[in-house]
Amino acid sequence: MSSTHEQINQKFINNSVKIKFVSKTDSLDWHFPICINKLVSAAVFFVTDRPKLAENYTEDTWLKLRDAVGAIQNSTSIKYNLEELYQAVENLCSYKVSPTLYKQLRQVCEDHVQAQIHQFREYPLCSLDNLSFLKRMNRCWQDHCRQTIMIRSIFLFLDRTYVLQNSLLPSIWDTGLELFRSHIVSDSAVQKRTVDGILEQIELERNGETVDRSLLRSLLGMLSDLQVYKDSFEERFLIETNRLYAAEGQRLMQERDVPEYLHHVARRLDEENDRIVSYLDQSTQKPLISCVEKQLLGEHMTAILQKGLSTLLDENRVTELAVLYQLFSKVKGGLSTLLQFWRDYIKSFGGEIVCTPEKDKDMVQELLDFKDKMDNVAQSCFARNEGFINAMKEAFEAFINKRPNKPAEFIAKYVDSKLRAGNKEATEEELERILDKIMIIFRFIHGKDVFEAFYKKDLAKRLLVGKSASVDAEKSMLSKLKHECGAAFTSKHHDPIQTGTCNIYKHINYMQNQSEPSNIELTVNILTMGYWPSYTPMEVHLPPEMVKLQEVFKLFYLGKHSGRKLQWQPTLGHAVLKAEFKEGKKELQVSLFQTLVLLMFNEGEEFSIEEIRTATGIEEGELRRTLQSLACGKARVLNKNPRGKDVEDGDRFNFNNDFKHKLFRIKINQIQMKETVEEQVSTTERVFQDRQYQIDAAVVRIMKMRKTLSHNLLVSELYNQLKFPVKPGDLKKRIESLIDRDYMERDKETPNQYHYVA
């Protein structure tokens, strides 16, 4: 061989792969040259046949492997090195012995597993309690898993070559599971005893006892790994759970009140979720929780709400209400049922506030408090659910209009009480918040024209007698009404505020034109009839000095405004009197009626009530309230004989010269007469009269546009256009009135058909 060939051959030898074969006697090293240089044009290869296995090598190797498997199964020491055993398996697989080796291994494992069933049958079933049985089963399963893992580590080469290449063959681990399932768990007696024991432990835990959760987790994991969890355990478990909670729900609904029951249900759900995390299979979560919710909630939804919702809402139990909402949101149809009961509660509770005359005095404040409470429940307990918020609005609108007109009237009076000067309950910011809350209640009212009538009357009184707390507050309220109802609603109300001050001061200096000076300063408020409420005139006997000033002002005013008529309103007048007492001089800020009474004591020392009535001409009821304010109030500038809180027919009055007060100017409040039934009826009648005009105008407007219309369509159109509640009978009367006045006529052939008369 040439030197070149020798060099090439040497190069191949130096760059070869060394493979080692192990035999029973010795090991052989074989070198397979690999060409690594592309420039080589030729090479010499030495080909040698693969060595044959020694005789009985396969049988001897299997005996060694079987001994090792047996040692593992019996938990004894293995005679051979694990690496040596692994190499033996690899050698057998390399010589195509894999099918035989796989069958032999399976048979050895199967024989061992079959032998394990005897430990569960060697005693009668009653000799072992369920817990001991479960521990024995768990120990058997843990041993089997540990043994299978060790056996697989020795036969890993077989598992990753032969088994992997044959898709129909189970892996060594799966084979171990299959054998345990077939020969141990599938045994009917063993399986029943195992599942019975697990169910017993779960029931003990549900009853408050402590159980070995790791044991349950291991056994249920076994059933899951063996793919018998659903059929052998879960079905029975859900049946038992259903039975347990059905009985528990029936019993506790009778024994416990709703808050306690709700907390119990929440606790039960938490416990079951904890079991799922701790030892149950995740696939059980949905059916298990559904079962608990159905038996403890779904079957008792109506009973829970009938028994406890009203109490929870009455007592404002926000924590329990939040739990109630959370629980009912998990049950099919739960929220819709809760929504209906919530709506009914609001209608019932609110209807009681509105429709109980005894509560009229506090109606609006109770409505505001009730609305605040329901808002808080909707936001903090019902997760601001839009459905619940809308249902609350519908319920408020429904019950607040059960009693026509009265809520609107009382809301107007409540606004008046808050906007009066003397109201020290709230700062400007608090007053603004109160007005905002009132507007929320106002939105629910259908008859807003009733509110307008009473609000207008009270607003005028506040402005005229100087009782308004703040012009800014008045303007803020009008702005809210304008935003809610439109500019037309408040157009007449803005004028008194915007022009009232101007009209008051416009005529102060008219006295400069008088030829004779006077010690009385007269200020006159000019009220435009269209913008201010109408007041019933009351004739009183004024002192000559006042009468003279009235005449002078009348000449002055009518000289500037021809064609106008002045009507004096003494009920709205007020004055500042200078009085002398033993303590010194004081100024008394009083009404005109109080002024007329006090001026009498410049002419005499003592007068009876009859003498005062004759001299002043004040109406009897008004006079009694006036005398009561002067002689029975906090600032008693008159003495009443005999003493008492009320003014009687025989009482006599004299000037209290000993009157003392720390202030120089003292305001003596007139005892306000509560609005009489007649005044309320009068205001309401004016509203109804205005409504008639609005109905007439709407009918004419519709008929003018449509020309011909049936009765039903006309009524339907009227309901769409009118902004206040009206009965069909009232509409029919207005239609008849318009027919009588020739605005429209009936069709001669069809009485229910109307024609517009141009």
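Because the structure is predicted, anything quoted here is derived from the model rather than measured.
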For the atom pair [atom1] ([X]) and [atom2] ([Y]), what is the distance rounded to the nearest 0.5 Å?
X	Y	atom1	atom2	value
Asp472	Ser479	CG	OG	11.5 Å
Met392	Met374	CE	CE	8.5 Å
Ile441	Phe370	CD1	CZ	9.5 Å
Met546	Thr595	CE	OG1	5.5 Å
Gln594	Thr626	CD	OG1	6.0 Å
Met363	Arg403	CE	CZ	4.5 Å

Heavy-atom side-chain proximity of [X] to [Y] below 4.5 angstrom:
X	Y	answer
Tyr455	Glu452	no
Val590	Val597	no
Phe399	Glu352	no
Glu397	His446	yes
Lys582	Asp658	yes

N-O pairing of [X] and [Y] below 4.0 Å:
X	Y	result
Lys586	Glu583	yes
Arg741	Asp696	yes
Lys480	Glu432	yes
Lys406	Asp360	no
Lys413	Glu409	yes
Arg734	Asp730	no
Glu545	Lys548	no

Kindly give the heavy-atom pair with the smallest separation between [X] and [Y], and that separation in Å.
X	Y	result
Ala408	Ile445	CA-CD1, 3.8 Å
Leu623	Ile609	CD2-O, 3.9 Å
Ile389	Arg384	CD1-O, 3.9 Å
Phe607	Glu611	CA-OE1, 3.2 Å
Val700	Tyr743	CG2-CD2, 4.0 Å
Lys347	Ala398	CE-CB, 4.0 Å

Next item on the list: Take Lys733 and Glu736, measure what salt bridge (charged side-chain N to carboxylate O under 4.0 Å, His left out) needs, and give me the verdict at the end.
Entry: CA-CA 5 Å; Lys733 289 178 183 178; Glu736 294 291 344; over 6 Å; no
Check: What do you reckon, are the aromatic ring centroids of Phe581 and Phe655 less than 6.0 Å apart?
Finding: yes
Note to self: Side chains of Asn390 and Glu394 only: does a donor on one sit below 3.5 Å from an acceptor on the other?
What the structure shows: no
Note to self: Pairing donors with acceptors under 3.5 angstrom, does anything connect the side chains of Asp314 and Tyr345?
What the structure shows: yes
Item checked: Pi-cation contact, Phe410 with Lys361 (under 6.0 Å, within 45°) -> no
